[in-house]
Amino acid sequence: DAKTTQPPSMDCAEGRAANLPCNHSTISGNEYVYWYRQIHSQGPQYIIHGLKNNETNEMASLIITEDRKSSTLILPHATLRDTAVYYCIVRVAVSLSGGSNYKLTFGKGTLLTVNP
Amino acid sequence: DTAVSQTPKYLVTQMGNDKSIKCEQNLGHDTMYWYKQDSKKFLKIMFSYNNKELIINETVPNRFSPKSPDKAHLNLHINSLELGDSAVYFCASAGSGRGTQPQHFGDGTRLSIL
């Protein structure tokens with residue numbers, strides 16, 4: 001599995017943008033980058049994913065470098081409820097049939113603390 | 001409506017007992033998973049079923065046996081519980097097809113072995 005590296009913790013002021021970096025220098029051409037977060041005592045929550053283009057949805061934006069060796073998750077206006085552990089994951093397919101037959105290998109993630 | 005629901009939410013039992021955790025998803029997904037999050041907060045995949053067929057089986061003791069009666073349910077039965085089984089167990093599901101459907105997680109079952 002491609003390994004990801006994230007800072008263990010980050011702080012962000014409420015209302016400001018939170019930029020969470022992730023390195024995945026060994027990523028393969030067909031491997032997607034996924035971001036999940038885990039708020040205390042809850043299950044992981046899907047945020048966004050991408051292959052090589054930048055992506056945006058209602059929760060966040062994902063910026064992937066041209067060489068795909070790193071990415072940044074951007075929460076444009078962080079709130080106190082965004083305090084969580086954020087996981088950057090490279091998705092690995094398990095079988096050749098593609099689709100949902102894949103596994104997520106979670107690392108230690110980044111604890112983002114949004115301060116008032 | 002809860003998309004992926006697990007029962008029970010908390011489970012406290014003694015070493016040596018046998019217990020089951022149930023998981024149900026109402027998303028119409030074909031694939032379901034079990035993950036374990038230990039005291040160090042690492043999340044590791046245990047099993048994956050696709051249309052009731054076992055797809056992923058990581059290095060998990062034989063005491064753990066997943067059972068999928070239909071594609072909306074994936075239960076986890078654990079025999080002869082040990083202290084090291086204390087953890088939070090998460091169920092997840094994902095859609096099928098040649099897409100990149102994300103996994104949706106339940107809120108976990110907190111298992112404590114006395």
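Within every chain, numbering begins at 1; the chains are lettered A, B, ... in the order of the sequence lines, protein sequences first and strands thereafter. Note that these values count all heavy atoms, side chains included, but never hydrogens, waters or copies made by symmetry.
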Problem set entry | B:Y10-B:R110 side chain donor-acceptor pair, cut-off 3.5 Å |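 No.
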Exercise. Is there a donor in the side chain of B:S93 and an acceptor in the side chain of B:H104, or the other way round, less than 3.5 Å apart?
Worked result: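 Note: B:S93 and B:H104 side chains miss the donor-acceptor criterion.
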For this session: Measure distances from A:L104 to the heavy atoms of chain B and classify the residue's part below 4.5 Å as side chain, backbone, both or neither.
Result: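 Both parts, heavy atoms under 4.5 Å.
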Exercise. What part of A:Q38 lies closer than 4.5 angstrom to a heavy atom of chain B: side chain, backbone, both or neither?
Worked result: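 When you check distances to chain B, only side chain atoms of A:Q38 fall under 4.5 Å.
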Problem set entry | Given B:N50, B:D30, B:T31, the one that forms side chain to side chain donor-acceptor pair (under 3.5 Å) with B:K71 |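 Of the listed options, the one satisfying the test is B:D30.
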Exercise. Should B:D38 and B:K44 be marked as a salt bridge (Lys or Arg N to Asp or Glu O under 4.0 Å) after you check the CA-CA gap, both sets of side-chain angles, and the distance that decides it?
Worked result: CA-CA 9 Å; B:D38 59 24; B:K44 295 182 181 178; 5.0 Å; no
For this session: Would you mind checking which part of B:K41 comes under 4.5 Å of any heavy atom in chain A, side chain (CB onward), backbone (N, CA, C, O), both or neither?
Result: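 The backbone, not the side chain.
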